[in-house]
Number of protein chains: 2
Amino acid sequence: MNSSAPLTAPISAAISSRQLQAFVALARLRSFTRAAAECHLSQPAFSALIQGLEQAAGARLFERSTRHVALTVEGEVFERSAAPLLAQLQQALAELRDHATLRRGKVSLALLPSLAAGWLPGLLQRFRADYPGVELQVADVLSEPCVARVREGQADLAIATVRVDTPELRAEPFSSDRFHLVCPAGHDLLERPRLMPRDLLPHPFIHLARHSSVRQLLDAAVHPLQMRTLMEVEQLATVMGMVRAGLGLSVVPGFSLFHFNTQPGLATRELRWKGLHRQLFLIRRRDRELSTAARALYELMLANRP
Amino acid sequence: MNSSAPLTAPISAAISSRQLQAFVALARLRSFTRAAAECHLSQPAFSALIQGLEQAAGARLFERSTRHVALTVEGEVFERSAAPLLAQLQQALAELRDHATLRRGKVSLALLPSLAAGWLPGLLQRFRADYPGVELQVADVLSEPCVARVREGQADLAIATVRVDTPELRAEPFSSDRFHLVCPAGHDLLERPRLMPRDLLPHPFIHLARHSSVRQLLDAAVHPLQMRTLMEVEQLATVMGMVRAGLGLSVVPGFSLFHFNTQPGLATRELRWKGLHRQLFLIRRRDRELSTAARALYELMLANRP
DNA sequence: CGATCTTACGGGATTCGTAAACATA
DNA sequence: TATGTTTACGAATCCCGTAAGATCG
């Protein structure tokens, strides 16, 4: 038994896109010579292409003499399908190549509000300049929802503070930031040579919500019950407004300093307390590779860590 | 210059239907081994097929490890086009093969009413038994309209009495028939040893319309002004009714004898007068070959001439 | 006889299947 | 380690382009 002989095709005869192109070109130009030229083939090679198609189809598709080339009735039947078929195929390939070359695509990213407002915009500006056709979706939510979005496939990537190395999710260290005291300009805490946790206790304090990573780390460094909690708010922008109004002081992550540094009447001071720093992780699914578009954003993020 | 090197594809990369089939099978089965088996290929050959497709597409379409095969995002993009594309291609080929094997198709035939009523039905019964899927269109009209229909592409074939050998049309001799006297049974013309044209003159005569071939040939043999014309009618069936009612007698072509031979009270007698016979031609276009279906009918007609 | 399609043919690329190497759970 | 994909490789096949042949107007 000759085991190396190719087996017969399982369902249909093999048709190549080049045969389809040749057919459509010949049906349009009605000349082997001209159609061969359009397909960048020698005329005999082109002829063989058509013959192969006719053989695969099981019917003569063109009537030809040396002076005349025309579709047979069967050829007309096939033409009605072949022309749109070829167009669809080429569109499908073009669409695919668009995705591969980042002329089209979609990336969805979930990350902490502080990064979304401060660091991300400049990054996305560059990304959009390079790949204007790629659709972007950003979810500026806290760590837990960030991770949930990746887990549920709603986001390709997330930046969050939770190290989730599960069978589903892969987390890699991305960046870290320190925390900063924010208070009205000229506040006496700004002058102390060494600022300790207990130094904050006498002052009215604007807390962030308990589920925020900032709050949780701060609670670990300074027992909350000992503090003079003035209020709890959700947004860092609100913290900024409260402190600027002189209602109290607060502690915010470095990535959100852009909220405060540009505000007249406000001052900040880095807190170098042990344990009071945030580790950020880049989180993605384990079971899916990133799409080309997502990988491009991933690379750009890694190359431009805050 | 290496002139035998294949030139690059003109527009799109070459994709074969086998690659499309392989892609769809792999997307469905998510296993190279099983998909290769379904495509009747060795697994490495199948793998190469997919790799070739990915190369042509310019993007990786599957994420694969030894334990897991899944579509990439780009693969999903392509799948949306590929599956319907393959289905359409296979349907187009099936349709084409149906036409080639006469499971489908269409033939239109124009021929004289006498043939349409007498000879054709039995022929078409056989044709339909062999090719039940082929649509038939019959125009039972006189010679001139028969020819016109072929000339205008409304009919594939015609049987008519005019020899039209023009640059457009090809006519080949098909058959011929003689003319017959029809009269009430027991009429004295039936008894004469030799029946001559002038023997008809004393009797009331039922004429066919002037544009019919029967009438024109009869007028050439017997001057119409000398005849006792009772009336002119269009249809041979009307002639039959008139003669059966004893109103007169008439002359009809042999192919229409089936109208008369089975009628009680009627008799016929062949007229062997010089020039009084009809030559029938099979007419088709010169610039188009017959479709497979039309050719089948053509062969059947030739093999079963009246 | 001139334009055009088909056949013939040699060389190189392609693709097959078997076997071995490689990778991951 | 076991299952499943990729690489390696020799052989058969396919496909190209050139050249010669056939055919119709």
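Keep in mind that this is a model prediction, so the values were computed, not measured. Numbered from 1 within each chain, the chains take letters A, B, ... in sequence-line order.
In this structure, NE2 of His40(B) is placed 16 Å from C1' of dG17(C), rounded to the nearest angstrom. Arg286(A) places its CZ atom 13 Å from the P atom of dT24(C), with the value rounded to the nearest Å. The separation between Leu41(A) atom CG and dT4(C) atom P is 18 Å, rounded to whole Å. Nucleotide dA25(C) holds its P atom 13 Å from the CD atom of Glu63(B), rounded to whole Å. Rounding to whole angstrom units, CG of residue Leu49(A) and P of dG17(D) are separated by 10 Å. dT15(C) atom P lies 13 Å from atom CD1 of Ile50(B), rounded to whole Å. With rounding to whole Å, Arg18(A) atom CZ is found 11 Å from dT14(C) atom P. Atom CD in Gln55(B) sits roughly 14 Å away from atom C1' in dA13(C) (whole-Å rounding).
The backbone N or O of Leu61(B) lies less than 3.5 Å from a partner atom in the side chain of Thr72(B), making a donor-acceptor pair.
Using a 4.0 Å cut-off between charged side-chain N and carboxylate O, Arg104(A) and Glu135(A) make no salt bridge. A salt bridge does not link Arg60(A) to Glu74(A): none of the charged side-chain nitrogens sits closer than 4.0 Å to a carboxylate oxygen. Using a 4.0 Å cut-off between charged side-chain N and carboxylate O, Arg97(A) and Glu54(B) make no salt bridge. The pair Asp165(B)-Arg286(B) meets the salt-bridge criterion, with a side-chain N (NZ, NE, NH1 or NH2) lying under 4.0 Å from an Asp/Glu carboxylate O.
Note that the two end axes of the helix from dC1(C)-dG25(D) to dA25(C)-dT1(D) enclose an angle of 40°, each drawn from 5 base pairs, rounded to 10 degrees.
Test Leu49(B), Val24(B), Ile50(B) against Gln19(B) for side chain to side chain contact (heavy atoms under 4.5 Å, CB included) and you get one pass: Leu49(B).
In this structure, Gln154(B) places its CD atom where more than 12 heavy-atom neighbours from other residues, nucleotides or ligands lie under 6.0 Å away.
A cation-pi arrangement is absent between Arg64(A) and Phe32(A), since the terminal nitrogen or guanidinium carbon is not both under 6.0 Å from the aromatic centre and inside a 45° cone about the axis.
Contact annotation for Ala45(B): backbone-only contact, meaning every heavy-atom pair under 4.0 Å involves sugar-phosphate atoms and none involves a base.
Considering only heavy atoms from C-beta on, Ser213(A) comes within 4.5 Å of Arg278(A) through its side chain.
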Could you go through nucleotides 5-8 of chain C and list every protein N or O atom that sits under 3.5 Å from one of its N or O atoms, giving the distance for each pair?
residue: dC5(C); atom: OP1; partner: Phe32(A); partner atom: N; Å: 3.1
residue: dC5(C); atom: OP2; partner: Thr33(A); partner atom: N; Å: 3.1
residue: dC5(C); atom: OP2; partner: Thr33(A); partner atom: OG1; Å: 2.5
residue: dT6(C); atom: OP1; partner: Arg64(A); partner atom: NE; Å: 2.5
residue: dT6(C); atom: OP1; partner: Arg64(A); partner atom: NH2; Å: 3.3
residue: dT6(C); atom: OP2; partner: Ser47(A); partner atom: OG; Å: 2.5
residue: dT7(C); atom: OP2; partner: Gln51(A); partner atom: NE2; Å: 3.4

